[in-house]
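Position 1 is the first residue of the sequence; numbering continues from there.
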Amino acid sequence: QVQLVESGGGLVQPGGSLRLSCAASGSISSWRTMGWYRQAPGKERELVALIINGGTTNYGDSVKGRFTSSRDNAKNMVSLQMNSLSAEDTAVYYCNAVVLYSGLWRTVWGQGTQVTVSS
């Protein structure tokens, strides 16, 4: 089956940077979107970045201008570069993809990685 595995989370000071990676495995025929979501305690899961196949990369308002997401087709990975981090960015970050697998379009989620911004 298709699996997404995030890495790179951890503790970072306010104003610092962190880079998350998401590795995809499995026989994927095609994809519609790949991106990142995050969820802080007591809050709804929100969109961070969304890469549209053949289109643009969209960002949530709260991270626009600070975060950059990109896909490396050769390595089958998606990254999220996070800059100018603040306490409000503390959350579990999830990789997400909508892929064609075994003839069906499926929404796949990674296990999540914790990002904590604190001094």
Side-chain angles (χ1 to χ4, degrees):
Q1 68 248 39
V2 177
Q3 288 186 302
L4 303 176
V5 180
E6 301 96 335
S7 62
L11 177 65
V12 63
Q13 293 185 347
S17 297
L18 205 62
R19 186 177 182 87
L20 306 182
S21 296
C22 173
S25 64
S27 183
I28 300 172
S29 299
S30 188
W31 62 281
R32 288 176 176 169
T33 63
M34 300 189 72
W36 297 87
Y37 293 75
R38 69 184 184 185
Q39 188 166 24
K43 298 185 66 177
E44 296 287 322
R45 186 171 298 187
E46 66 173 338
L47 173 71
V48 175
L50 186 68
I51 303 172
I52 302 172
N53 192 1
T56 62
T57 300
N58 302 317
Y59 298 93
D61 290 339
S62 62
V63 307
K64 194 173 299 181
R66 298 186 298 120
F67 290 11
T68 303
S69 184
S70 61
R71 185 175 188 272
D72 188 332
N73 290 329
K75 296 182 178 180
N76 205 23
M77 295 179 62
V78 175
S79 66
L80 181 68
Q81 178 66 47
M82 305 184 293
N83 300 321
S84 301
L85 289 164
S86 68
E88 286 69 39
D89 297 311
T90 296
V92 177
Y93 285 71
Y94 298 91
C95 184
N96 170 267
V98 177
V99 302
L100 182 62
Y101 180 80
S102 296
L104 296 174
W105 288 101
R106 306 171 188 267
T107 300
V108 185
W109 293 92
Q111 83 286 352
T113 185
Q114 177 70 47
V115 173
T116 302
V117 184
S118 177
S119 59

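- For Val12, the side chain to side chain contact (heavy atoms under 4.5 Å, CB included) partners at least two apart in sequence or on another chain are Leu85, Val117.
- For residues 102-112, every residue pair satisfying the side-chain hydrogen bond (donor to acceptor under 3.5 Å, both in side chains) rule, not counting sequence neighbours, is listed here: Glu6-Gln111.
- The minimum heavy-atom distance between Thr57 and Ser69, with the atom names listed, is CG2-O, 4.1 Å.
- Looking at every heavy atom in both residues, Ser30 comes nearest to Asn53 through OG-ND2, 4.4 Å.
- The minimum heavy-atom distance between Gly9 and Leu20, with the atom names listed, is N-CD2, 3.5 Å.
- Under the 4.5 Å side-chain heavy-atom criterion for grouping Ile, Leu, Val, Met, Phe, Trp and Tyr, Tyr37 is not connected to Val99 through any hydrophobic cluster.
- Residue pairs meeting the disulfide bond (SG atoms under 2.5 Å apart) criterion with at least one partner in residues 41-89, sequence neighbours excluded, do not occur; the list is empty.
- Sorted by first and then second residue, the salt bridge (Lys or Arg N to Asp or Glu O under 4.0 Å) pairs with a member in residues 74-90 read Arg38-Asp89, Arg66-Asp89; sequence neighbours excluded.
- The distance from atom CH2 of Trp36 to atom OG1 of Thr113, rounded to the nearest 0.5 Å, is 8.0 Å.
- Residue pairs meeting the side-chain hydrogen bond (donor to acceptor under 3.5 Å, both in side chains) criterion with at least one member in residues 11-29, sequence neighbours excluded, are Ser17-Asn83, Arg19-Ser79, Arg19-Gln81.
- Not counting sequence neighbours, the partners of Gln1 by the side chain to side chain contact (heavy atoms under 4.5 Å, CB included) test are Gln3, Tyr101.
- Considering all non-hydrogen atoms of both residues, Leu80 and Ala49 come closest at CD1-CB, 4.4 Å.
- Think of Leu11 as one node in a network of Ile, Leu, Val, Met, Phe, Trp and Tyr side chains linked at under 4.5 Å; it has no links at all.
- Follow the hydrophobic side-chain contacts under 4.5 Å out from Val48 and you never reach Val92; the two are in separate clusters.
- Every pair tested for ring pair (Phe, Tyr, Trp, His ring centres under 6.0 Å) that includes a residue from residues 56-96 fails, sequence neighbours excluded, so the list is empty.
- Every residue two or more places apart in sequence or in another chain that forms a side chain to side chain contact (heavy atoms under 4.5 Å, CB included) with Thr33 is listed here: Leu50, Ile52, Val98.
- Under a hydrophobic clustering in which Ile, Leu, Val, Met, Phe, Trp and Tyr are joined whenever their side-chain heavy atoms come within less than 4.5 Å, directly or via other members, Met77 and Leu4 fall into different clusters.
- Checked against side chain to side chain contact (heavy atoms under 4.5 Å, CB included), Ala40 has the following partners two or more places apart in sequence or in another chain: Lys43, Ala91.
- The disulfide bond (SG atoms under 2.5 Å apart) contacts involving residues 20-119 comprise Cys22-Cys95, where partners must be two or more places apart or lie in separate chains.
- Under the 4.5 Å side-chain contact rule for hydrophobic residues, Val108 and Ile28 share a cluster.
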